[in-house]
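Below is one structure, written out as structure tokens; the observations come after it.
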Amino acid sequence: MGQNEDYSVGKGMAFLSGLMIGGALGALTIYLLAAPTGKKVLKNLQQESISLKGKGSDFIQTAKQKSIDLTQRISSAKKETLDDKEQMIPIPKDY
């Protein structure tokens, strides 16, 4: 029985090592076939950077416009509060 058990253990180890090597080779093949080339990656990066640059300048313009609008609102609110204070009738504190 000892020799038969050694044979089946050796057979199991051969199967597992073959399975591991086959899996690694399959994964490597899929990686090499699915991964884009360096030129494609660089081209995609250039296109994305151009797109993001355009979005960034739009964002800056929007932020500037909102800043101007808020400044105008604050200045008009200050003018209104000054006008309101000037129109109020002072009430004496004696009574």
Side-chain angles (χ1 to χ4, degrees):
M1 269 210 186
Q3 200 174 26
N4 194 14
E5 288 177 9
D6 289 340
Y7 178 72
S8 64
V9 169
K11 217 174 170 183
M13 291 297 287
F15 174 75
L16 285 177
S17 63
L19 184 67
M20 297 288 278
I21 292 172
L25 287 176
L28 179 66
T29 303
I30 289 173
Y31 174 75
L32 291 176
L33 292 176
T37 62
K39 290 181 182 180
K40 285 183 182 178
V41 170
L42 287 177
K43 187 177 179 180
N44 288 341
L45 284 175
Q46 287 174 344
Q47 290 174 347
E48 286 295 320
S49 66
I50 290 169
S51 173
L52 289 175
K53 184 179 178 183
K55 289 179 184 179
S57 63
D58 290 343
F59 177 73
I60 290 171
Q61 291 299 324
T62 303
K64 283 182 182 178
Q65 188 60 44
K66 286 186 178 185
S67 165
I68 291 169
D69 292 343
L70 287 174
T71 304
Q72 290 173 350
R73 285 185 191 174
I74 290 171
S75 64
S76 66
K78 283 182 181 179
K79 287 180 185 177
E80 287 177 8
T81 57
L82 288 176
D83 291 341
D84 290 343
K85 286 181 182 179
E86 290 174 0
Q87 293 176 359
M88 295 177 90
I89 300 172
I91 301 175
K93 292 184 180 182
D94 292 46
Y95 62 93

Residue from I30, L28, T29 passing side chain to side chain contact (heavy atoms under 4.5 Å, CB included) with L32: L28
Please round to the nearest 0.5 Å and tell me the distance separating atom NZ of K66 and atom CD of Q61. 13.5 Å
Rounded to the nearest 0.5 Å, what's the gap from CG on L70 to OG on S75? Could you check? 10.5 Å
Any donor and acceptor pair, going by atom type alone, linking the side chain of S17 with main-chain N or O of M13 inside 3.5 Å? yes
We want to know whether N44 and E48 form a side-chain donor-acceptor pair, criterion being a heavy-atom distance below 3.5 angstrom. no
Okay, side chain of T62, backbone of D58: is any donor-acceptor separation there less than 3.5 Å? yes
How does the hydrophobic cluster around M20 look, that is, which other residues are in it when side-chain heavy atoms under 4.5 Å mark a link? none
Just verifying a value: how many Å separate L45 CG and K43 NZ, rounded to the nearest 0.5 Å? 13.0 Å
